[in-house]
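Below is one structure, written out as structure tokens; the observations come after it.
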Amino acid sequence: MEVLKHECGVAMVRLLKPLEYYHEKYGTWMYGLNKLYLMMEKQHNRGQEGAGLACVKLEAEAGEEYMFRERALGTGAITEIFSAVHAHYRDLSPNELNDPFYAKANLPFAGELYMGHLRYSTTGKSGISYVHPFLRRNNWRARNLALCGNFNLTNVEEIFKQITADGQHPRKYADTYIMLEQVGHRLDRVVEHLFEQCEAEGLRGMDITHAIEDRIDLGDVLKRCVPTWDGGFVICGITGSGEMFSVRDPWGIRPAFYYQDEEIVVLASERPVIQTVMNVHAQDIHELGRGEALFVSKAGKVRTEQIVAEKENKSCSFERIYFSRGSDVDIYRERKKLGETLVPAVLRAVDNDLNHTVFSFIPNTAEVAYYGMQEGLNEYLNRLKKEWIADRSHLLEEFELEKILSMRVRTEKVAIKDIKLRTFIAEGNSRNDLAAHVYDVTYGSIVPFKDNLVVIDDSIVRGTTLKQSIIGILDRLHPKKIVIVSSSPQVRYPDYYGIDMSHMDEFIAFRAAVALLKDRGLEGILMSAYQKAKKQEAEHRADINYVKEVYAPFTDKEISDKMVTLLTPVGTNAKVEIVYQTLDGLHASCPNHPGDWYFSGDYPTPGGVRMVNRAFIDYMEHVYLH
């Protein structure tokens with residue numbers, strides 16, 4: 001319903017055979033390039049602001065380009081960057097185009113290493129210069145570095161101070177540039193050390209170059225950098241000499257999966273992407289562990305290594321609820337479970353009156369949870385039927401039996417996503433008027449003034465679409481009651497590990513809690529939490545999330561009820577109720593992904609705690625006290 005900016009997406013391909021091998025077996029030397037394209041397109045949901053790719057040739061001669069990059073902005077960026085790559089081949093003769101040896105020697109992007117990125121801005125910074133991969137050039141192949149990632153660091157300032165203390169001068173104050181310079185600096189030191197070692201052994205000229213490229217170990221580079229990073233991340237890199245790596249944060253906040261066989265190594269942000277593109281089974285694909293890195297050497301040796309000790313599992317639950325493709329076998333099952341666990345609360349909301357309740361969903365991401373809710377409701381009905389039939393207190397007459405057997409869950413496609421809100425409508429009233437028509441309804445799908453209408457969504461974050469569009473359009477059907485169901489718990493806190501949620505007053509849960517404090521004369525709690533947060537910040541600590549105190553006086557239901565007051569448009573005739581998933585229901589549905597800081601405020605890293613307190617301080621100083 002409310003579009004949140006997704007996490008970024010990454011894709012990597014490493015061919016383990018010469019280009020001619022793939023041309024012979026698959027009919028094209030572009031096998032690796034094509035696989036990268038497919039993996040990026042399959043993750044198009046993860047990047048709507050830009051895309052980029054980088055490529056390395058392993059066998060280029062001195063004086064020949066061996067590292068290539070292409071980037072573009074906008075929702076059509078994937079098509080644009082691959083069109084730009086293929087434009088290099090447009091004027092070739094058929095013989096040249098189908099000759100892998102010619103391609104290897106002469107054509108750009110005809111290489112063995114590929115890395116792709118799909119970008120969603122998490123910092124508000126935009127423009128082509130912020131589109132990954134980032135490139136660091138040098139005359140030594142081993143010191144050339146391309147970097148991309150799905151990440152957001154919470155301690156950029158600290159790292160910036162560290163690397164400037166070493167004498168570096170990053171071109172931009174942005175986390176990706178700073179990471180590039182930090183990793184690049186360590187890479188420089190390793191190469192310099194190997195150069196001195198090779199010289200001492202009596203090696204000269206290109207023999208030194210080849211020896212360095214054979215001996216370089218990026219594990220040593222990452223072990224000096226990764227422990228300094230606070231945040232959620234999957235960072236990927238390739239060097240001009242043919243090294244490839246990907247490393248995951250020690251809490252497992254951001255996801256990464258890889259597959260290898262004797263021909264290829266691929267990595268992506270989502271498992272079903274690899275399943276589909278490589279046509280392999282889920283069990284053949286490995287998840288990169290917490291704090292673990294995948295390496296492929298210039299020689300094609302594949303290994304994993306623990307770069308930093310793994311910490312408590314905080315794999316992102318919102319990834320399962322919302323961000324990842326629902327075609328993953330586990331995510332599909334978990335989303336259905338999220339819908340099923342809501343059944344008792346939904347039944348209470350409609351007083352167990354299934355005969356006069358219609359169930360539907362908000363297109364399209366809530367559809368899987370809707371199926372799970374249907375299954376749970378059918379199980380409830382079956383239990384009810386069994387109890388009535390098993391009741392031997394009197395003999396069932398035929399009409400009674402027919403009535404019992406005909407009981408069913410009433411499901412309809414009530415809400416229809418009709419148009420996409422166009423950003424060129426900038427003026428406020430025009431935009432709001434258009435927003436009210438983003439959804440349409442199926443008229444005649446419920447009995448007016450008699451039926452309850454239950455619609456499930458995957459999350460309610462800001463509440464804007466509910467107020468501007470959903471509730472008003474559903475009320476046109478004249479239901480007796482509208483029950484909005486969220487398959488996720490109340491989103492109360494910003495994310496600082498890669499998703500575009502940062503300001504406290506964006507959250508309808510927070511606005512509801514503040515409104516309740518005002519209603520009940522408890523505004524002193526706001527000032528107390530603010531003063532504690534300021535004191536903690538002044539002491540350079542990040543121990544306690546004081547925003548929790550804003551919610552502490554109230555039950556989940558009290559906050560949900562206040563949201564209804566804030567979000568129900570004037571003139572709505574139906575009674576409205578909002579039912580949220582519980583934290584217990586979330587963890588029961590997604591047991592292997594306990595990262596729930598959006599809902600609980602339990603941030604896995606000190607940087608998250610520091611930033612949520614800073615967001616609260618900003619709210620108090622610029623909104624509440626302004």
Side-chain angles (χ1 to χ4, degrees), residues 3-14 30-56 67-90 108-111 113-136 145-152 172 174-177 179-180 233-238 244 246 254-258 266-274 276-278 319 323-325 420 423 498-500:
V3 178
L4 293 178
K5 291 184 177 182
H6 294 47
E7 304 162 22
C8 295
V10 296
M12 302 189 85
V13 174
R14 172 59 155 90
M30 296 184 199
Y31 178 79
L33 187 63
N34 292 343
K35 292 298 184 188
L36 183 76
Y37 169 72
L38 289 171
M39 287 203 295
M40 291 179 71
E41 276 291 1
K42 293 289 182 183
Q43 296 180 99
H44 201 163
N45 59 303
R46 300 184 80 93
Q48 300 285 314
E49 294 184 8
L53 69 89
C55 169
V56 169
M67 202 166 190
F68 308 89
R69 179 180 64 167
E70 192 67 51
R71 299 181 295 175
L73 287 168
T75 56
I78 298 174
T79 299
E80 188 174 334
I81 59 175
F82 281 92
S83 295
V85 169
H86 283 275
H88 293 288
Y89 316 144
R90 194 173 295 144
F109 297 96
L113 282 78
Y114 293 99
M115 181 169 75
H117 186 262
L118 301 126
R119 182 174 193 261
Y120 256 126
S121 167
T122 57
T123 61
K125 294 176 179 176
S126 59
I128 195 70
S129 63
Y130 290 100
V131 176
H132 303 196
F134 290 83
L135 198 56
R136 193 175 192 262
L145 177 66
L147 211 64
C148 74
N150 172 19
F151 70 96
N152 201 36
K172 291 189 189 317
D175 48 11
T176 316
Y177 274 102
M179 292 173 90
L180 180 72
F233 54 83
V234 170
I235 303 298
C236 302
I238 54 177
M244 180 177 110
S246 180
R254 299 275 73 90
F257 298 85
Y258 67 95
V266 297
L267 179 138
S269 294
E270 299 188 33
R271 180 169 63 180
V273 168
I274 298 175
T276 302
V277 172
M278 299 307 302
E319 179 81 39
F323 292 110
S324 288
R325 292 161 65 94
K420 183 177 175 63
T423 55
I499 300 170
D500 177 44

So, taking the atom named [atom1] in [X] and the one named [atom2] in [Y], what distance separates them when rounded to the nearest 0.5 Å?
X: Glu49; Y: Cys8; atom1: CD; atom2: SG; value: 8.0 Å
X: Cys148; Y: Arg119; atom1: SG; atom2: CZ; value: 12.5 Å
X: Glu270; Y: Thr276; atom1: CD; atom2: OG1; value: 10.5 Å
X: Met12; Y: Met244; atom1: CE; atom2: CE; value: 4.5 Å
X: Leu180; Y: Leu135; atom1: CG; atom2: CG; value: 8.0 Å
X: Met115; Y: Leu113; atom1: CE; atom2: CG; value: 9.5 Å

- Message: Is it the case that the side chain of Arg69 and the backbone of Leu53 share a donor-acceptor pair, with hydrogens and angles ignored and the cut-off at 3.5 Å?
- Response: no
- Message: So does Gly149 get a backbone contact from the side chain of His117, meaning a donor-acceptor N/O pair under 3.5 Å?
- Response: yes
- Task: Please assess Val10 against Cys236 for the test side chain to side chain contact (heavy atoms under 4.5 Å, CB included), listing each intermediate value before the final yes or no.
- Result: CA-CA 8 Å; Val10 296; Cys236 302; 4.0 Å; yes
What are the two closest non-hydrogen atoms of [X] and [Y], and how far apart are they?
X: Val131; Y: Ala51; result: CG1-O, 3.5 Å
X: Met67; Y: Ile238; result: CE-O, 3.6 Å
X: Arg71; Y: Ile128; result: NH1-O, 3.2 Å
X: Ala11; Y: Leu36; result: O-CD1, 3.7 Å
X: Ala146; Y: Ala54; result: CB-CB, 4.2 Å
X: Ala72; Y: Ala77; result: O-CB, 3.5 Å

Which pairs would a plain distance check flag for residues 78-86, meaning a side-chain donor or acceptor within less than 3.5 Å of a matching protein atom at least two apart in sequence or in another chain?
residue, atom, partner, partner atom, Å
Ser83, OG, Thr79, O, 2.7

- Does a side-chain heavy-atom distance below 4.5 Å link Leu147 with Met179? yes
- Message: Any heavy-atom pair between the side chains of Phe151 and Ile235 that's under 4.5 Å?
- Response: yes
- Task: Apply ring-ring contact (aromatic ring centres under 6.0 Å, His included) to Tyr258 and list each qualifying residue two or more places apart in sequence or on a separate chain.
- Result: His286
- Message: Atom CZ of residue position Phe233 - does it have more than 12 heavy atoms of other residues, nucleotides or ligands inside 6.0 Å?
- Response: yes
- Other residues, nucleotides, ligands: >12 heavy atoms within 6.0 Å of Lys42 NZ: no
- side-chain contact (heavy atoms from CB on, under 4.5 Å) partners of Cys55, counting only residues at least two apart: Phe68, Phe109, Tyr114
- Residues that Val266 engages under side-chain contact (heavy atoms from CB on, under 4.5 Å), provided they are two or more places apart: Val13, Met39, Tyr259, Ile264, Ile274, Met278
- Item | Test side-chain hydrogen bond (donor to acceptor under 3.5 Å, both in side chains) applied to Arg271 - qualifying residues, sequence neighbours left out | Asp328, Asp330
